[in-house]
> 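Below are the structure tokens for one structure; questions will follow.
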Amino acid sequence: MQSIKEKIQSVANSQDLEKLKVEVVGKKGILTLAFADLKNLNGEAKQSRAKELNLFKQDFEALFEAKKGEIRTLELAQKLQEENIDVSLFVGQRRGKEHYVNLMIEKIIDYFIALNFELCEGGLVEDDFHNFEALNIPKFHPARDMQDTFYTQDGKLLRTHTSPVQIHVMKKKTPPLKIIAPGAVFRRDYDLTHSPMFHQVEGLVVDSYGKVGFSHLKLILEDFLKYIFGDIVVRFRSSFFPFTEPSAEVDISCVFCKGDGCRVCSHTGWLEVLGCGIVNHAVFESVGYKDVSGYAFGLGVERFAMLYYGINDLRSFFEADLRVIG
Ligand code: PHE
């Protein structure tokens, strides 16, 4: 027994332990054979030998179990050690970053929040009234062609601009108000500079009649565009939107060629960046506002982001180009 005990102590892995078990209690194990030999004994001798063997067996089993537990713990620790993955190992992955469109929206919003504008959001699915009618774009008005629309089967539509947020806000609140409304818009368009889904930021300021005018609009937009693009020249060009009168489109001197003329600005030296104007009274009438005046503006976020971050294909914002979205 002593030698078996020593053997068990010196075993270092589960295979050797199993082997030892076979040597002792296996078919031809020493203990099995010893039990078989009992048949050659009689009386007292047989009884005391049997007792001795049973005690030995009990001892062996206890030792065996103890050792088995010990080895299992050891082997588990070893396995964990071997399979340990060094997560700190640098294998050159890139870090993710926020999407340029979101970064640009944040940057734009920051400016207006600092001026106490309220952040508003509208839904993506609109009805004809909010997207067109209330904005002074009646049915069959040619201005609807400017915004080729996705219609849903139940007669609703995907908003073609963020201007319907103006209507929702004015229906809910009483003037004065200053709001900024960022979000996705949809038009049936797809090429180098158009995507069927893109983002706009809408601005609307309304106060009592005569309190806000074009000079305020001009001042704030000039300052805003210089905040975004830095050292540029801003120009207002007369234009048309059904919901503003008078209306203007705003250009900045080309950020790439500084106004000398290049491919990006079609050799004009100017880049068109937003639309704006004094809110048309027809719009105020459709929401029941009286004795107020206001201004509104709307800009395309992707266009801003392309000019600001120097990205030349609008579509790469929405495709798997990791240089842009990664
Ligand atoms: N909604 C206009 C567009 O999508 C932009 C705009 C907003 C113009 C507000 C004037 C005032 O083109």
> Ignoring hydrogens and geometry, is there a side-chain-to-backbone donor-acceptor pair from Asn136 to Pro242 under 3.5 Å?
yes

> What class does the angle between the rings of Phe297 and Phe117 fall in, given that below 30° is parallel, 30 to 60° is tilted and above 60° is perpendicular?
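Ring orientation, 0 to 90° scale: tilted.
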
> Looking at side-chain heavy atoms only, is the closest gap between Leu157 and Phe132 below 4.5 Å?
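Yes, at least one pair of side-chain atoms sits under 4.5 Å.
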
> If only atom types and distance count, is the side chain of Arg235 paired as donor or acceptor with the main-chain N or O of Ser253 below 3.5 Å?
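Side chain of Arg235 to backbone of Ser253, a donor-acceptor pair under 3.5 Å: no, none is there.
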
> Please report the shortest heavy-atom distance between Leu33 and Lys28, naming the atom on each side.
CD1-O, 3.6 Å

> Do His130 side-chain atoms and Asp127 backbone N/O form a donor-acceptor pair below 3.5 Å?
no

> Does the plane of the ring in His99 sit parallel, tilted or perpendicular to the ring in Phe318? Use 30° and 60° as the thresholds.
parallel

> So which heavy atom on Ser163 is nearest to which on Leu135, and how close?
CB-CD1, 3.6 Å

> Do the ring planes of Phe243 and His161 sit parallel (below 30°), tilted (30 to 60°) or perpendicular (above 60°)?
perpendicular

> If you round to the nearest 0.5 Å, how far is CG of Leu204 from CD1 of Ile167?
8.5 Å

> Check Phe256 against Cys262 and note the closest heavy-atom contact, atom names and distance.
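The answer is CB-SG, 4.2 Å.
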
> Would the distance check show the side chain of Ser247 and the main-chain N or O of Gly277 forming a donor-acceptor pair, the cut-off being under 3.5 Å?
no

> Would you say that Pro196 contacts Phe150 through its side chain, given a criterion of any heavy-atom pair below 4.5 Å between the two side chains?
yes

> Considering all heavy atoms of both residues, which atom of Glu121 and which atom of Pro182 are nearest to each other, and what is their separation?
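Closest approach of Glu121 to Pro182, heavy atoms only: CG-O, 3.9 Å.
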
> Say you draw a straight line from CG of Asp291 to CZ of Phe284; how long is it, rounded to the nearest 0.5 Å?
11.0 Å

> Measure from the side-chain N and O atoms of Thr149 to the backbone N and O of Tyr151, and report whether any donor-acceptor pair falls under 3.5 Å.
no

> State whether Asp313 and Arg315 are salt-bridged, where the test is any N-O pair (Lys NZ or Arg NE/NH1/NH2 against Asp/Glu carboxylate O) under 4.0 Å.
yes

> Counting neighbours of CD on Gln47 that are heavy atoms of other residues, nucleotides or ligands and sit closer than 6.0 Å, is the number greater than 12?
no

> What's the shortest heavy-atom distance between Pro164 and Arg159, and which atoms?
CG-CB, 4.2 Å

> With distance as the sole test, does His281 use its side chain to make a donor-acceptor pair with the main-chain N or O of Ser293 at under 3.5 Å?
no

> Nearest 0.5 Å please: distance from the CZ atom of Arg72 over to the CG atom of Leu76.
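Arg72 atom CZ to Leu76 atom CG measures 9.5 Å (nearest 0.5 Å).
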
> Is any side-chain N of the basic residue among Glu23 and Lys19 closer than 4.0 Å to the acidic one's carboxylate O?
no

> Can a donor-acceptor pair be found, under 3.5 Å and without considering hydrogens, that links the side chain of Glu249 to the backbone of Glu272?
no

> Do Glu302 and Ser195 get their side chains close enough for a donor-acceptor pair, meaning under 3.5 Å?
no

> Would you kindly confirm whether Val255 and Trp270 end up in one hydrophobic cluster when ILVMFWY residues are joined by side chain heavy atoms under 4.5 Å apart?
no

> Can you tell me how far CD1 of Ile71 sits from CD of Glu18, rounded to the nearest 0.5 angstrom?
9.5 Å

> If you round to the nearest 0.5 Å, how far is CG of Asn280 from OG1 of Thr244?
7.5 Å

> Given the rule that I, L, V, M, F, W and Y join up when any side-chain heavy atoms are under 4.5 Å apart, are Met104 and Leu299 in one cluster?
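Yes, one cluster joins them.
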
> Check whether any side-chain heavy atom of His216 lies under 4.5 Å from a side-chain heavy atom of Val205, and answer yes or no.
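In short, these two side chains do not touch, never coming nearer than 4.5 Å.
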
> Pair Tyr227, Asp110 - check side chain to side chain donor-acceptor pair (under 3.5 Å), show working.
CA-CA 11 Å; Tyr227 151 84; Asp110 279 352; 4.8 Å; no

> For the residue pair Ile8 and Phe64, what are the closest heavy atoms and their distance?
CD1-N, 4.0 Å

> Assess the residue pair Phe224 and Phe112 against the criterion (ring-ring contact (aromatic ring centres under 6.0 Å, His included)); give the C-alpha distance rounded to whole Å, side-chain angles, the decisive distance to 0.1 Å, and a yes or no.
CA-CA 8 Å; Phe224 163 66; Phe112 290 101; 4.9 Å; yes

> With a sphere of 6.0 Å drawn around NZ of Lys156, does it hold more than 12 non-hydrogen atoms of other residues, nucleotides or ligands?
no

> To the nearest 0.5 Å, tell me how far Ile179 CD1 sits from Leu177 CG.
7.0 Å

> With no hydrogens and no angle check, is any side-chain donor or acceptor of Asn131 less than 3.5 Å from a backbone partner on Thr160?
yes

> Tell me, yes or no, whether the heavy-atom count around Phe214 atom CZ, taken from other residues, nucleotides or ligands under 6.0 Å, exceeds 12.
yes

> Is any side-chain N of the basic residue among Lys139 and Asp128 closer than 4.0 Å to the acidic one's carboxylate O?
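Answer for the salt bridge query: yes.
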
> Salt bridge (charged side-chain N to carboxylate O under 4.0 Å, His left out) between Lys79 and Glu82: does it pass, once the steps are laid out?
CA-CA 5 Å; Lys79 199 169 171 214; Glu82 280 163 18; over 6 Å; no

> In the single-linkage hydrophobic clustering (I, L, V, M, F, W, Y; side-chain heavy atoms under 4.5 Å), do Met197 and Leu124 co-cluster?
yes

> Taking atom NZ of Lys67 as the centre, report whether more than 12 heavy atoms of other residues, nucleotides or ligands fall under 6.0 Å from it.
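Atom NZ in Lys67 is crowded, with more than 12 foreign heavy atoms closer than 6.0 Å.
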
> Examine distances only and state if a side-chain atom of Lys178 and a backbone atom of Leu115 form a donor-acceptor pair shorter than 3.5 Å.
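Judged by distance alone, yes, a pair lies under 3.5 Å.
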
> Okay, side chain of Gln200, backbone of Thr162: is any donor-acceptor separation there less than 3.5 Å?
yes

> Report yes if some heavy atom in the side chain of His194 is under 4.5 Å from a heavy atom in the side chain of Arg187; otherwise report no.
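No, every pair of side-chain atoms sits at 4.5 Å or beyond.
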
> Take a 6.0 Å sphere around CD of Gln81 and say whether it holds more than 12 heavy atoms from other residues, nucleotides or ligands.
no

> Is there a side-chain contact between Val24 and Lys57 (heavy atoms, below 4.5 Å)?
no

> Are Ile252 and Val233 linked, directly or through other ILVMFWY residues, by side chains that come within less than 4.5 angstrom of each other?
no

> Looking at Tyr100, Phe304, Phe229, which hits ring-ring contact (aromatic ring centres under 6.0 Å, His included) with Tyr309?
Tyr100

